[in-house]
Structures are given as C-alpha cells and as structure tokens.
Amino acid sequence: MILVLLGPPGVGKGTQASRISLHYGIPHISTGAMFRDAVARGTEFGRRIQRYRIDKGEYVPDDVVIEAVRQRIHEPDCATGFLLDGFPRTIPQAETLNRFLAEEKLRLNAVLNLAAPIDDIVKRFSGRRVCPVDNATYHIEYNPPLQPGLCDECGAQLEQRPDDDPVIVKRRLDVYNEKTAPLVDYYETSGLLRTVDASREPETVFGQIVALLEGWQWHI
Ligand code: AMP
C-alpha cells in the first residue's frame, strides 16, 4: 500500500502516520524528520539542509527533496509499500512522485487529507513535543506520553521543535497555503483524495482513516 498524508503543519500528520505505519506494517517516511535528523547528526547532507532555513519554516528546494525521497523509497523496507508524510509538498514534487511510481509500475492508493480549523491547529503547536531520538510525536494535552516529558518508546527527554515558535508557525502556515494547499485540488482531480476530520481525538481520527482505507466509506 502506498499512501500520502496531506494537511497543514500541526494538524497531526506525524501522530497518525506512526499509527498507520504500525497498523499496516509499512515504513513511515517523513521528509521533515529526515531533514531534522541529518541536521542533528551534522552530516554533509544536514549542513546543506541547514542552509535552506527549515528552522524558519522555509521549504527545501524541490530537487533536493526529490533526490532524498527517491533514495529512501528504493530501500528494501519500502518494497511492500510506504507512507509519505510531508512529501509531496509542491505540485512539481507531486508530478515527480507520479513519474517515480509509473517507472516502478507502482500505484498510489490514496491521499489522506487531514483537515482541521485553524484555531485548533495553532493550539496544537504550543503543546507539541517530539522525541529527538525516534521522532515520536506527542501533545501534552491530546496525546501525552505515559511519563510527562519522556518518550514512551525510548525514554528520551522530549523537546519542542524550534519551528513550533508562534512567529515561525505563522510563516509555515503561509508557506503551506501558498505552495502545498494547491495539492488538495491536484489530488481531488485524480480521484485519490479522501478528507479526514482531524479536529477530533487522535484515536477517533485514526478510526476514520482505517475505515476509509478498508473501503467502508469510499462512496460517501
Ligand atoms: P515537517 O516535519 O513535515 O513539518 O517538515 C519540517 C520542515 O522541513 C518544513 O517546514 C520544511 O522546511 C522542510 N520540508 C519537509 N518536507 C519538505 C518538502 N517535501 N519540501 C520542502 N521542504 C520540506
């Protein structure tokens, strides 16, 4: 199964992606997490990414993102499918993904568009915490870790992302509206888009996603 998760920053893509990945046994590919990880490890690729100011919410150029995704989806764990979170983010990225899949004789099964009112999204940013080791995402109110401040999976101290700062959040939402929101129409036209009400509890949102993927609501 090959899936794309679409939706504004802070809507809960990371949380749902982890659950989908576990449930269907497909790798969760988050371009944002790949970039943050490379920056944190100080690799040559990470130093290159740092120049694009992802900490300020600016997009990495299409050719750089595309090359990173191309390499990742050729890894053996992607042979039975994968879930893309944060890619594609622009129309050229979506067109390139179509080309990659066609070349490999693969098919995109669905694009899940997570949607929520802007006020909910802004509220979610302030409580979001991430694990710097395994990228697990939590929210202090809506999706708290079992022990406050610590990752359930590895026990590492959770952190707030630097780009969750309110000024940068505003910039990220503006960039999303300008460059990524057009993908909703793009995938709507291709008939692959399914919109999910992401304003509900994570468990309820996940239930909607599974129901959609199992085909129960495809005709609604
Ligand atoms: P995310 O974790 O998906 O919110 O991504 C964090 C940041 O990484 C974004 O704000 C962008 O700066 C950068 N980024 C992630 N994915 C992409 C992409 N597909 N195209 C351009 N920039 C990206």
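All values derive from a computational prediction rather than experimental measurement. Just so you know, ligand 1 is whichever comes first in the structure, and atom 1 is the first atom listed for that ligand.
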J.: Between the side chains of Thr15 and Tyr138, does any donor sit under 3.5 Å from an acceptor?
T.: no
J.: Not counting sequence neighbours, list each pair that qualifies as a salt bridge (Lys or Arg N to Asp or Glu O under 4.0 Å) and has a residue in residues 60-71.
T.: Glu67-Arg70
J.: Answer yes when Asp163 and Lys56 have at least one side-chain N-carboxylate O distance shorter than 4.0 Å, and no when they do not.
T.: no
J.: With sequence neighbours left out, what residues match Lys170 under side chain to side chain donor-acceptor pair (under 3.5 Å)?
T.: Asp174
J.: Protein residues near ligand 1, heavy-atom distance below 4.0 Å?
T.: Thr31, Gly32, Phe35, Arg36, Ile54, Glu58, Tyr59, Val60, Val65, Gly86, Phe87, Arg89, Gln93, Arg161, Arg172
J.: Listing request: all side-chain hydrogen bond (donor to acceptor under 3.5 Å, both in side chains) pairs with a residue in residues 117-134, at least two apart in sequence or in separate chains.
T.: Arg128-Asp164
J.: Are there over 12 heavy-atom neighbours, none belonging to Arg200, within less than 6.0 Å of that residue's CZ?
T.: no
